[in-house]
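Heads up: the structure comes next, in structure tokens.
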Amino acid sequence: MKPTVVLEPGEHHGQEVVFLIFPKDEQLIAEVKRLGVARWSTTQQRWYIHRERFVLSDVFNAFQKLAFVDYSALKNGRSVSPATATATAPAQPSINYNKPKLPQLSADKAARINDFRYWMQQKRYSKNTVKTYTDAIRTFLRYYAHRESSTLCNDDLVRFNTDYILANKYSPSYQNQVINAIKHFFAQQYQTKMDIQGIERPRRGSKLPKVIDKGDIQAMLAGISNLKHKTALALIYGLGLRRSELINMKIRDIDFNRKVLTIFNGKGQKDRVLPISDKLIRLIQQHLATATSLVYVIEGQTKGQPYSATSVEKIFEKYMDSAKRNHNFTPHCLRHSYATHLLEAGVDLRFIQELLGHKSSKTTEIYTHVSMKNLSKIKNPTDDFDL
């Protein structure tokens, strides 16, 4: 009898995801990896896909020969116990689920997307933006596979927004990314202007950055015996780096005499120079003395190749779990913590803006909302009570 892959909605580090629950099986694991969007959670001990990247038809196609797919929890929102994955498999469902099975792209449309990808790369769009935009456009063109792309107009975009994005409850951020991607694609490929102003778009939320207590960060770093892992996470926190900046950091970018690091082509194609503390310098030198790094400060298993973003996430989860149970932090929270801790130490906001590489001071000002330096001085009304 075929095993069952149970799809269950949930949250992982504060983000909506779909968990894939199934008995341990090498073939199923291989298919999950081939999806390209699934990640392994060390905290939950199961695979997951971020909600905005989840396509039910792709999961069905991946497992149709190996397992039954139980997606009932996605329809009614109920929680499914992990034990369900080993239960007797139900009859395989028909393809009458919310998200339609989209047809494959024609060769011409696929070529258009490749041309657009090449254009974005020439414009130096980030790798994440290139991937997000091409995925979004691919879905849009598959949705209208029966139409010539050149005939699609603003009304079609409005319909797609309503009948696909909103109907499948994609996140507001993903909705905005898709609309922007389609706008740029048609302007570049067909010289057609999509009037995105006519589309109802969600207001951006004003979420505050998550800050890790300084003591928890110290405990996490102190508990790492692997020198490469300790150096990687210490650099993210100690220099306020983005994950991409860490994995692209080359040995030649560090001036050990001046004790500075130059970040080349950071977000927004901005270069910046960061001072490195004596302790970080010593840690980097200790790591490089024992490592076999040829090009990058933090290299993957293959010499001369950078560490992967997924590996950074995995080691962070592993060591953060040891320092603080049931947390909902991500590696990027180390960067937020760096900025907040500098602000609480009295560093001028303008200097923090330069260190983080923010184009606008308004972006940096968000850390004033999470800093407890001044808020902690406010006298609480209950201080006058005899409790």
Side-chain angles (χ1 to χ4, degrees), residues 3-25 28-63 66-90 92-93 97-99 128 132 135 139 164-178 202 205 207-210 212 243 309-322 324-333:
T4 300
V5 177
V6 178
L7 306 180
E8 176 183 330
E11 283 196 2
H12 188 264
H13 292 321
Q15 295 183 324
E16 291 186 6
V17 300
V18 175
F19 289 109
L20 290 78
I21 308 168
F22 53 85
K24 187 174 181 179
D25 181 284
L28 295 180
I29 293 173
E31 287 302 324
V32 169
K33 291 180 178 179
R34 267 193 281 271
L35 284 170
V37 291
R39 297 288 182 267
W40 173 255
S41 170
T42 55
T43 56
Q44 308 245 9
Q45 292 294 298
R46 58 178 75 176
W47 292 90
Y48 68 93
I49 301 174
H50 286 291
R51 187 65 182 84
E52 63 266 21
R53 293 186 178 277
F54 177 79
V55 180
L56 185 55
S57 58
D58 289 347
V59 176
F60 269 115
N61 291 337
F63 293 111
L66 299 174
F68 296 104
V69 178
D70 180 358
Y71 70 109
S72 55
L74 298 183
K75 293 190 295 183
N76 54 33
R78 65 180 173 84
S79 178
V80 179
S81 167
T84 309
T86 59
T88 303
Q92 190 161 5
Y97 41 84
N98 290 337
K99 192 174 296 179
N128 286 339
T132 300
D135 287 348
T139 301
Y164 188 85
I165 298 178
L166 299 181
N168 288 292
K169 299 179 180 179
Y170 280 121
S171 68
S173 60
Y174 179 72
Q175 179 181 345
N176 280 317
Q177 287 175 332
V178 169
K207 292 184 179 180
L208 293 176
K210 296 175 183 177
I212 310 172
R243 188 165 50 177
T310 303
S311 295
V312 174
E313 183 175 352
K314 286 182 177 179
I315 65 170
F316 172 80
E317 287 185 0
K318 175 184 176 180
Y319 298 115
M320 195 70 238
D321 285 347
S322 300
K324 188 177 182 65
R325 292 288 182 182
N326 301 319
H327 68 87
N328 62 345
F329 299 124
T330 66
H332 200 68
C333 294

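Since the model is a prediction, treat every value here as computed from it, not as a measurement. The residues of the chain are indexed from 1 along the displayed sequence. Reckoned from all heavy atoms, side chains included, excluding hydrogens, waters and symmetry mates.
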Any side-chain heavy-atom pair of [X] and [Y] under 4.5 Å:
| X | Y | result |
| --- | --- | --- |
| Val32 | Phe22 | yes |
| Ile21 | Val5 | no |
| Ile29 | Trp47 | yes |
| Arg39 | Val17 | no |

Between Glu317 and Lys314, is the salt bridge (Lys or Arg N to Asp or Glu O under 4.0 Å) condition met? List the steps.
CA-CA 5 Å; Glu317 287 185 0; Lys314 286 182 177 179; over 6 Å; no
Closest approach of Leu28 and Pro23, non-hydrogen atoms and distance?
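Answer, listing the atom of Leu28 first, then Pro23: CD1-O, 4.1 Å.
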Determine the minimum heavy-atom distance between Pro3 and Leu66, stating which atoms define it.
CD-O, 3.3 Å
Going by side chain to side chain donor-acceptor pair (under 3.5 Å), name the residues that satisfy it together with [X], two or more places apart in sequence or in a different chain.
| X | result |
| --- | --- |
| Ser322 | none |
| Asp58 | none |
| Arg243 | none |

Please round to the nearest 0.5 Å and tell me the distance separating atom [atom1] of [X] and atom [atom2] of [Y].
| X | Y | atom1 | atom2 | answer |
| --- | --- | --- | --- | --- |
| Leu7 | Ile49 | CG | CD1 | 8.0 Å |
| Met320 | Glu313 | CE | CD | 14.5 Å |
| Leu56 | Asn168 | CG | CG | 9.0 Å |
| Phe60 | Phe63 | CZ | CZ | 11.0 Å |
| Gln175 | Gln177 | CD | CD | 11.0 Å |
| Arg53 | Asp135 | CZ | CG | 5.5 Å |

Considering residues at least two apart in sequence or located in another chain, which fulfil the salt bridge (charged side-chain N to carboxylate O under 4.0 Å, His left out) criterion with Lys324?
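Once residues adjacent in sequence are excluded, the partners of Lys324 under the salt bridge (charged side-chain N to carboxylate O under 4.0 Å, His left out) criterion are Asp216.
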Quick one: ring pair (Phe, Tyr, Trp, His ring centres under 6.0 Å) partners of Tyr48, sequence neighbours excluded?
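So Tyr48 forms a ring pair (Phe, Tyr, Trp, His ring centres under 6.0 Å) with His12, His50.
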Considering residues at least two apart in sequence or located in another chain, which fulfil the ring pair (Phe, Tyr, Trp, His ring centres under 6.0 Å) criterion with His327?
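By the ring pair (Phe, Tyr, Trp, His ring centres under 6.0 Å) rule, His327 matches His13, Phe329.
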